[in-house]
Engineer: 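Pasting in a structure now, in structure tokens, and then I'll have a few things to ask.
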Protein chains: 2
Amino acid sequence: MYSNFISHIRKYVDLDDNSVALLFKYITPLKLKRKEFLLKEGQICQSIYFVEKGCLRMYFIDDKLNEQITQFALEHWWMADHFSFMDNKPSPYFIETIEKSEILAFTASSFEAMLRELPQMERYFRIVMQRAVAASQLRNKYTYEMSKEEFYQHFSTSFPEFVQRVPQYMIASYLGLTPQYVSELRKKKL
Amino acid sequence: MYSNFISHIRKYVDLDDNSVALLFKYITPLKLKRKEFLLKEGQICQSIYFVEKGCLRMYFIDDKLNEQITQFALEHWWMADHFSFMDNKPSPYFIETIEKSEILAFTASSFEAMLRELPQMERYFRIVMQRAVAASQLRNKYTYEMSKEEFYQHFSTSFPEFVQRVPQYMIASYLGLTPQYVSELRKKKL
DNA sequence: CTCATTTCTTAAACCAGCTTAATTTTTTTG
DNA sequence: CAAAAAAATTAAGCTGGTTTAAGAAATGAG
């Protein structure tokens with residue numbers, strides 16, 4: 001049960017079977033169809049979400065009424081608007097399933113209670129968050145050094161699973177490109 | 001002693017005076033002049049650095065041999081190349097003082113040992129890292145929704161202390177602008 | 001207080017990537 | 001399986017921000 005979740009935790013900390021049982025008490029499992037929402041603009045991000053199976057996107061509506069995608073999450077990635085989650089502020093984001101998905105949610109209060117009962121999880125999340133910071137340092141570096149064309153080519157060769165599972169216009173949005181430009185780049189490459 | 005450091009920790013976790021004394025054993029304090037290096041390209045980022053006083057920048061050399069600044073750190077900010085620090089990989093970055101600075105360093109091994117002796121610090125760093133993720137989500141959103149002109153105006157009104165302390169061409173680099181364009185924007189605003 | 005270095009400004013030509021608009025292809029749904 | 005909706009393509013014209021090249025102003029080290 002929730003094997004992606006447990007194996008992800010055990011990659012970083014020791015967690016005996018007894019602790020796993022305790023941990024499960026704090027989780028809210030969700031089964032969602034395609035195009036269902038975990039968060040909508042104006043709401044507070046009540047939970048932090050682990051993708052056990054499926055795929056999520058986070059986006060906001062920009063001033064031209066486009067859906068601007070800022071993040072994806074595939075299996076064993078975490079998703080949340082952390083500012084909204086931590087400080088109880090209304091979020092500007094939508095979080096939506098791209099595919100039928102199985103999600104594990106910690107509400108803010110269950111998250112706190114779980115960390116108090118299972119201090120190893122404090123370590124797990126410290127490591128996960130530190131790796132997220134590292135990943136965003138790296139992505140940020142790419143935006144400084146690559147042209148948009150290079151950024152697209154780099155992304156699509158580095159993460160071919162996304163190109164398979166996610167519509168092209170969503171990848172364009174995430175990379176800050178117009179769908180027309182991506183189309184032009186693909187033509188060029190053939 | 002190290003009052004910025006201690007007050008920052010106590011903002012997020014309880015730490016009694018005895019624990020503070022234990023904590024100090026793991027710290028390496030550094031006094032640096034202007035333009036001294038904590039990290040150079042090709043080296044492994046040996047430590048995670050807390051700015052007790054002064055100012056740091058992180059940059060890499062891009063393909064046109066420009067210094068591309070990716071981060072600043074003022075008082076009570078942390079600075080590190082987290083990928084290099086965590087996975088012992090050579091870093092592409094330089095970390096350099098912009099002003100005379102007082103820095104507190106944890107080497108990777110002292111960091112680990114400290115976390116084992118003082119588990120409250122695991123919580124402190126979980127919170128600090130989670131807030132860093134939140135901050136990078138926000139900054140990232142700005143890059144999607146603002147033009148470069150808006151991004152500059154937003155930065156210089158949100159962080160006037162930087163405009164005071166940091167040369168204009170460094171701010172331009174950090175924001176991904178040419179110094180010429182920033183100069184043009186300033187002229188326009190007067 | 002002066003020289004060398006660093007930082008900032010001005011201006012013109014240029015281009016990567018966007019906008020607009022129309023058409024085609026693919027996917028979804030009843 | 002047919003109609004409607006969603007996604008992808010094509011192409012022409014345009015623009016925000018860069019590049020290049022000087023010169024002017026500010027700063028700091030001796």
Side-chain angles (χ1 to χ4, degrees), chain A residues 32-37 55 57 59 61-69 72 94 96-100 142-156 162-190, chain B residues 32-37 54-55 57 59 61-69 72 94 96-101 142-156 162-190:
Chain A
L32 300 174
K33 289 181 292 198
R34 192 165 167 268
K35 295 198 181 187
E36 289 200 278
F37 289 92
C55 182
R57 65 173 178 144
Y59 67 89
I61 307 293
D62 70 14
D63 48 4
K64 287 161 201 150
L65 306 181
N66 294 317
E67 296 175 356
Q68 252 305 338
I69 298 174
F72 293 115
F94 298 79
E96 189 192 16
T97 54
I98 295 179
E99 307 168 353
K100 190 172 77 161
Y142 290 150
T143 67
Y144 282 106
E145 69 190 336
M146 292 182 192
S147 69
K148 296 205 158 182
E149 175 166 5
E150 289 168 325
F151 198 44
Y152 171 76
Q153 301 298 356
H154 177 83
F155 180 85
S156 57
F162 273 95
V163 182
Q164 300 299 317
R165 288 170 72 173
V166 175
Q168 189 172 301
Y169 79 95
M170 288 193 188
I171 290 172
S173 172
Y174 173 68
L175 297 176
L177 311 173
T178 58
Q180 293 87 328
Y181 189 52
V182 168
S183 186
E184 190 182 307
L185 292 177
R186 294 184 75 226
K187 183 173 59 168
K188 205 161 135 183
K189 204 62 190 292
L190 300 183
Chain B
L32 300 173
K33 289 181 291 194
R34 193 167 166 270
K35 296 198 180 189
E36 289 199 278
F37 288 92
C55 183
R57 65 174 177 143
Y59 66 90
I61 306 294
D62 69 16
D63 48 5
K64 288 160 200 152
L65 305 181
N66 293 320
E67 296 175 356
Q68 253 305 339
I69 298 174
F72 293 115
F94 298 80
E96 189 193 17
T97 54
I98 295 179
E99 307 168 354
K100 189 172 78 160
S101 300
Y142 291 150
T143 66
Y144 282 106
E145 68 189 337
M146 291 181 193
S147 69
K148 296 205 160 183
E149 175 166 6
E150 289 168 327
F151 198 44
Y152 171 77
Q153 300 299 357
H154 178 83
F155 180 86
S156 56
F162 272 95
V163 183
Q164 300 298 317
R165 289 169 72 173
V166 175
Q168 189 172 301
Y169 79 95
M170 287 192 188
I171 291 173
S173 172
Y174 173 67
L175 296 176
L177 311 173
T178 58
Q180 293 87 326
Y181 188 54
V182 167
S183 187
E184 191 181 305
L185 292 176
R186 293 183 76 226
K187 183 172 59 165
K188 204 160 134 183
K189 203 63 190 289
L190 300 181

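Heavy-atom basis, side chains included; hydrogens, waters and symmetry copies ignored. Chain identifiers are assigned alphabetically (A, B, ...) following the order of the sequence lines, protein sequences preceding nucleic acid strands; residue numbering begins at 1 within each chain.
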Engineer: Mapping Q168(B) and K148(A) onto DNA chain C by nearest heavy atom, which one lands closer to the 5' end?
Structural biologist: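 Residue closer to the 5' terminus by nearest nucleotide: Q168(B).
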Engineer: When we call it a touch if two heavy atoms are under 4.0 Å apart, what does K64(B) touch: a base, just sugar-phosphate, or nothing?
Structural biologist: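 Counting heavy atoms under 4.0 Å across all strands, the contact made by K64(B) is with sugar-phosphate only.
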Engineer: Between dT6(C) atom P and I98(B) atom CD1, what is the distance in whole Å?
Structural biologist: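 Going from I98(B) (CD1) to dT6(C) (P), I get 16 Å.
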Engineer: Without decimals, in angstroms, what is the distance between Q153(B) CD and dG17(D) C1'?
Structural biologist: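 Rounded to whole Å, this separation is 15 Å.
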Engineer: Check the phosphate of dT7(C) against Y169(B), side-chain N and O only, distance under 4.0 Å to OP1 or OP2. Yes or no?
Structural biologist: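 True: Y169(B) side-chain N/O within range (under 4.0 Å) of dT7(C) OP1/OP2.
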Engineer: Ignoring the backbone of P167(A), work out which of dC18(C), dA7(D), dG17(D) is nearest its side chain.
Structural biologist: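 Closest nucleotide to the P167(A) side chain: dA7(D).
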Engineer: Hey, do the aromatic rings of F155(A) and F162(A) have their centres closer than 6.0 Å?
Structural biologist: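 Ring centres of F162(A) and F155(A) closer than 6.0 Å.
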Engineer: For E184(B), which contact category applies under a 4.0 Å heavy-atom criterion: base, sugar-phosphate, or nothing?
Structural biologist: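 The residue E184(B) makes no contact with any strand.
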Engineer: In Å and rounded to the nearest 0.5 Å, what is the CD1 to CD distance from I61(B) to Q68(B)?
Structural biologist: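 Between I61(B) CD1 and Q68(B) CD, I get 9.5 Å after rounding to 0.5 Å.
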Engineer: Atom CZ of R34(B) and atom C1' of dA29(D): how far apart are they, to the nearest Å?
Structural biologist: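 From R34(B) CZ to dA29(D) C1': 11 Å.
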Engineer: So, OP1 or OP2 of dT18(D): does either fall under 4.0 Å of a side-chain N or O from T178(B)?
Structural biologist: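 Answer is yes, contact under 4.0 Å.
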Engineer: Give the rounded distance in Å between these two atoms: CD of E150(B) and C1' of dG17(D).
Structural biologist: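 Checked: the CD to C1' distance equals 14 Å.
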Engineer: Does a distance-only test, which skips hydrogens and angles, find a donor-acceptor pair under 3.5 Å between the side chain of Q180(B) and the base of dT19(D)?
Structural biologist: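 Check fails, no donor-acceptor contact within cut-off.
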Engineer: How long is the line joining CD of E67(A) and C1' of dA7(D), in whole Å?
Structural biologist: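 The answer, rounded to whole Å, is 13 Å.
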Engineer: Apply side-chain hydrogen bond (donor to acceptor under 3.5 Å, both in side chains) to R165(B) and list each qualifying residue two or more places apart in sequence or on a separate chain.
Structural biologist: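 Only E75(B), E99(B) meet the side-chain hydrogen bond (donor to acceptor under 3.5 Å, both in side chains) criterion with R165(B).
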Engineer: For Y181(A) and dG17(C), is the shortest distance between a side-chain N/O and OP1 or OP2 below 4.0 Å?
Structural biologist: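 Answer yes for this pair, as a side-chain N or O of Y181(A) is under 4.0 Å from OP1 or OP2.
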Engineer: Ignoring backbone atoms, test whether R186(A) places a side-chain nitrogen or oxygen under 4.0 Å from the OP1 or OP2 oxygen of dT9(D).
Structural biologist: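 The answer is yes; a side-chain N or O of R186(A) sits under 4.0 Å from OP1 or OP2.
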Engineer: Let's go through E145(A) and D63(B) carefully: what are the C-alpha distance in whole Å and the side-chain angles of both, what is the deciding distance for side-chain contact (heavy atoms from CB on, under 4.5 Å) to 0.1 Å, and is it a yes or a no?
Structural biologist: CA-CA 8 Å; E145(A) 69 190 336; D63(B) 48 5; over 6 Å; no
Engineer: What's the CG-C1' distance between L185(B) and dT18(D), to the nearest Å?
Structural biologist: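 In whole Å, dT18(D) C1' lies 13 Å from L185(B) CG.
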Engineer: How are the rings of F72(B) and Y174(B) set to each other: parallel, tilted or perpendicular (split at 30° and 60°)?
Structural biologist: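 It falls in the tilted class, 30° to 60°.
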